[in-house]
Chemist: 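First the structure, which I've put down as structure tokens, then a few questions once you've had a look.
FYI, side chains are in, hydrogens and waters are out, and symmetry mates aren't considered; it's all heavy atoms of this structure.
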Amino acid sequence: MGSVQIVTSVVAAVITVVAVALAVRAVRRMLAVIRAGQPDPTRFGDKSTRLKRMLAETLGHTRMLKWSVVGAAHWFVMVAFIVLSLLVLEAYFEVVDPHAGLPIIGGWAVYGFATELIGVFGLAGILVLIGIRLANRPTRPQGRSRFTGSTMWQGYFVEWVIVAVLICGFLIRGFKAATGHMEWPTWAAPVSHALGDVLPASEAALSIVAAIKIVVSMTWLITIATNLTMGVAWHRFAAFFNIFFKRDPGRPAGSGLGGLKPMTSGGKLLDFEEADPEKDQFGIASVEQFTWKGLLDFTTCTECGRCQSQCPAWNTGKPLSPKLLVLSLRDHAYAKAPYLLAGDDHANVDALALAEAQRPLIGGAEEGGVIDPDVLWSCTTCGACVEQCPVDIEHVDHIVDMRRYQVLIESSFPSEAGVMLRNLENKGNPWGAPPNTREDWTKALDFEIKRADGEVEFEYLYWVGCAAAFEDRAKKTARAVATLLHEAGVDFAILGEGETCTGDPARRIGNEFVFQMLAQQNVETLTEAKVTKIVASCPHCFNTLANEYPQLGLKNVQVVHHTQLLADLVAGGKLTPVQPLDGTVTYHDPCYLGRHNRVFTPPREVLANASASGVTEMPRNQERSFCCGAGGARMWMEERIGKRINVERVEEALATGASTIAVGCPFCHTMINDGVTGKGANEQVEVVDVATVLLRSVKADA
């Protein structure tokens, strides 16, 4: 061992000891913060499915590859990072002995070729990601960047560390080739051999570069160990666990989509008949009341901003960014950690942590709140953030949990929504219409519809929904659906006055009490009527019946949306379009039908059969469809900040040149139609439900 090797060995040993010690302390601290959250026993079942999904999403990059260029580049960088661990380990041998390499596998030509290839593609991948970050920097003049609010120096630091380590790896191999100590033939390491042809034959330089590689790697470890909120680095480790413990590993898309997580207290379902607000937890009032999985969510955020780029609120000038909301909760949790982890003895807690502990979770700037009320109430619960998140953060669940406390305990929510809640409690529908008028939409039909009373037999229960029962435009959809089912010979019935609101708007605004009151009444009604199949016109009803009522005891009931049933009837020849619709049609995917429940194809199949020119897609469609602005109970709240979401969506629809905008949701129908009116385009385009399009094609006189 020469003098150079002695120095490089000492430097490598010292910085490694410091880095490992700090990393161990950081991991212990991080685990302590996550464990400070509330229990969630639902996260441990079906381990085989969890493992398969975790491996698919990490090694297979199934979610990342939805953004093909970014996903492919990130996959190579991820693989390079894993392999870097081996190459960094190899550097410890090389600082001591320039001739040395990894034991056992180090001499294999296959190992040399694989690492050479990964190094080349990893370097290309990281340069692509750096280019994307630079092209989308927050200071760009083109508009809001998905990196706005991200800690940019951390992203650049992590990316350039990877570049430096990969370059050091090639230089080490180049010096090995130059000194004649390369283990592999030229075919296995062509880049390294090419470098060896131009580098000097210096063993000292080889050990020095190996030491630099270790110093760079350990500097990275020291940096992230002293920055526990550096999600752009920590997600490399935390993402595996966050994906494994997702809420529903069996869902084909985002785990936090579909049904909401029910209210819990201390890890147990909250029973409103026995719950005590003085003892039990009603929603989220402080950061430690999130479950440990929630705190893991916040820790895992990569700050990539994919959620932000797709959020309808953010894209229309609202203060809500799902990313910034998660980052605010993360920073608050770790700033408050000394207070939380001190137990009952806060005498030695530093002033900053004490001050952080006094901040309200929800509050304006003057109150020092962590989350501004305008941020909380801007959410449409469309699920675009959950759909796009590569590490399965459950944004919507967290937002609704915070709303629950504000509504149930603080009675703090947009005032106009109070009318909707009172109507639900008193009339069983958000419009406040008399319940005895729920069947009035049937009067214009020229055939009778069965009433499900527990005695009458039928195949499908048609769940009409409040909108189709009381709102004039939606009544036309109800009549179209009923007429089509009648024409196809489907044996169906309705509940009539026995139906009441499913409770979706109450649950999304945070009033779980009203939701459960309505839901339990409906579950009892459906059970008494011996319902086994339901067809629903409203995606919000569809989602609630299919994904949330089973939480309250509705079992063995198949729920479909009317576009699914109509598509089957057309495919089976029971409905035959005879006069295709003139002009072009564009289709707006309802969030709760498409993104939340993956129903993309059936409505398009219906439209393709019923229109002469098929469907002209908007740029944002299917899983990336842009929200109409009505979800999350926003239908009953004023939109005072920024551009109206429905106007943004209507502009996109009008740009297609379509003469018909087809929808599959009464809320979307209202919002899109209002947007068309606002743009003065009523003469240019018509907004109708998919069922209406099909009815016009099946019955020319409809």
Side-chain angles (χ1 to χ4, degrees), residues 58-61 64-65 67-92 94 101-102 105-106 108-137 147 152-178 182-199 205-206 208-221 223-224 232-233 235-237 239 302 304 390:
T58 53
L59 302 184
H61 258 44
M64 283 295 297
L65 286 171
W67 293 33
S68 54
V69 174
V70 176
H74 190 276
W75 186 86
F76 284 114
V77 171
M78 179 197 71
V79 174
F81 179 80
I82 294 172
V83 174
L84 283 179
S85 303
L86 285 176
L87 300 183
V88 171
L89 178 61
E90 189 175 25
Y92 283 96
E94 293 159 344
L102 277 181
I105 64 172
W108 296 354
V110 173
Y111 168 76
F113 178 73
T115 51
E116 187 92 350
L117 198 64
I118 291 168
V120 170
F121 281 103
L123 189 58
I126 197 64
L127 291 176
V128 167
L129 294 182
I130 290 172
I132 290 171
R133 188 178 292 272
L134 288 170
N136 291 278
R137 62 193 182 279
F147 292 114
M152 295 300 285
W153 76 262
Q154 294 180 354
Y156 290 130
F157 172 75
V158 168
E159 289 164 347
W160 284 108
V161 162
I162 294 173
V163 171
V165 172
L166 285 169
I167 290 175
C168 284
F170 281 116
L171 288 175
I172 290 169
R173 292 183 172 192
F175 280 119
K176 278 191 175 183
M182 174 64 78
E183 304 98 320
W184 314 298
T186 303
W187 68 265
V191 176
S192 301
H193 276 282
L195 284 172
D197 293 338
V198 298
L199 290 175
L206 193 157
I208 290 171
V209 174
I212 292 172
K213 183 177 182 178
I214 292 171
V215 168
V216 170
S217 300
M218 292 304 108
T219 299
W220 175 83
L221 189 57
T223 302
I224 73 167
V232 70
H235 86 273
R236 286 168 163 74
F237 312 104
T302 72
C304 67

Chemist: Any heavy-atom pair between the side chains of Y92 and E90 that's under 4.5 Å?
Modeler: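 Not in contact.
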Chemist: At their closest point, which heavy atom of A210 faces which heavy atom of I172, and how far apart are they?
Modeler: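 It is CA-CD1, 3.6 Å.
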Chemist: Under a 3.5 Å distance rule, please check whether W75 uses its side chain to pair with a backbone N or O of H61 as donor and acceptor.
Modeler: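 Judged by distance alone, no pair lies under 3.5 Å.
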Chemist: Measure the shortest side-chain to side-chain distance between V79 and F121 over non-hydrogen atoms and say whether it is less than 4.5 angstrom.
Modeler: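 They are not in contact (no side-chain heavy atoms under 4.5 Å apart), so the answer is no.
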Chemist: Looking at every heavy atom in both V209 and C168, which two are closest together, and how far apart are they?
Modeler: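 Here V209 and C168 meet closest at CG1-O, 3.7 Å.
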Chemist: Please round to the nearest 0.5 Å and tell me the distance separating atom OG1 of T223 and atom CE of M218.
Modeler: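 That separation rounds to 11.0 Å.
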Chemist: To the nearest 0.5 Å, what is the distance between OG1 on T115 and CG on L86?
Modeler: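 Result: 9.0 Å between the selected atoms.
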Chemist: If you round to the nearest 0.5 Å, how far is OG of S192 from CG of L171?
Modeler: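 It comes to 9.5 Å.
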Chemist: Looking only at heavy atoms, which two atoms of S217 and V165 are closest? And how far apart?
Modeler: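 Shortest heavy-atom contact: OG-CG2, 3.6 Å.
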Chemist: Checking S68 side chain against L65 main chain: does a donor-acceptor pair fall under 3.5 Å?
Modeler: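 Between the backbone of L65 and the side chain of S68 there is no qualifying donor-acceptor contact (under 3.5 Å).
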Chemist: Counting C-beta onward and ignoring hydrogens, is there a side-chain heavy-atom pair between E159 and Y156 closer than 4.5 Å?
Modeler: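 Yes; the side chains approach each other to less than 4.5 Å.
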Chemist: Less than 4.0 Å between a side-chain N and a carboxylate O, is that true for E116 and R173?
Modeler: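 Result for this pair is yes, salt bridge flagged.
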Chemist: Measuring from atom CZ of F76 to atom CG of L123, what distance do you get when rounded to the nearest 0.5 angstrom?
Modeler: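 Taking CZ in F76 and CG in L123, the distance rounds to 12.5 Å.
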Chemist: To the nearest 0.5 Å, what is the distance between CD1 (I132) and CZ (R137)?
Modeler: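 The distance works out to 14.0 Å.
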Chemist: Think R236 forms a cation-pi with F81, using NZ or CZ under 6.0 Å from the six-ring centre and within 45 degrees of its axis?
Modeler: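 Because its charged atom sits under 6.0 Å from the ring centre and within 45° of the axis, R236 does stack over F81.
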Chemist: Any idea which heavy atoms bring F147 and C304 closest together, and the distance?
Modeler: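 Looking at all heavy atoms of both residues, the closest pair is CE2-O, 3.6 Å.
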Chemist: Answer yes or no: is there a side-chain heavy-atom contact under 4.5 Å between W108 and W184?
Modeler: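 With C-beta onward as the side chain, the pair stays apart.
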Chemist: Donor-acceptor pair, distance only, cut-off 3.5 Å: does the side chain of H193 make one with the backbone of A178?
Modeler: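 Flag not set: sc H193 to bb A178 has no pair under 3.5 Å.
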Chemist: Do V161 and V216 have side chains that approach each other closer than 4.5 Å (heavy atoms only, starting at C-beta)?
Modeler: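 Yes, side chains in contact.
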Chemist: Kindly indicate, with the supporting measurements, whether the criterion side-chain contact (heavy atoms from CB on, under 4.5 Å) is fulfilled by V215 and W220.
Modeler: CA-CA 9 Å; V215 168; W220 175 83; over 6 Å; no
Chemist: Can you give me the closest heavy-atom contact between A188 and A109, atom names plus distance?
Modeler: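 Reported closest heavy-atom pair: CB-O, 3.6 Å.
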Chemist: Over all heavy atoms of both residues, which pair between A233 and V158 is shortest? Give the atoms and the distance, please.
Modeler: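 So the minimum-distance heavy-atom pair works out to CB-CG2, 4.0 Å.
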Chemist: Do M78 and M64 make a side-chain contact, defined as non-hydrogen atoms from C-beta onward lying under 4.5 Å apart?
Modeler: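 Sidechains of M64 and M78: no contact.
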Chemist: Does K213 use its side chain to pair, donor to acceptor, with the backbone of I167 at less than 3.5 Å?
Modeler: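 Looks like no, no N/O pair under 3.5 Å.
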Chemist: Hey, could you give me the CZ/OG1 distance between F157 and T219, rounded to the nearest 0.5 Å?
Modeler: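 So the gap between those two atoms works out to 6.5 Å.
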Chemist: Can you list the steps and then say if V163 with I126 is a side-chain contact (heavy atoms from CB on, under 4.5 Å)?
Modeler: CA-CA 7 Å; V163 171; I126 197 64; 3.5 Å; yes
Chemist: Is the shortest side-chain heavy-atom distance between W160 and I130 below 4.5 Å?
Modeler: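 The answer is yes, as the side chains (C-beta and beyond) meet within the 4.5 Å cut-off.
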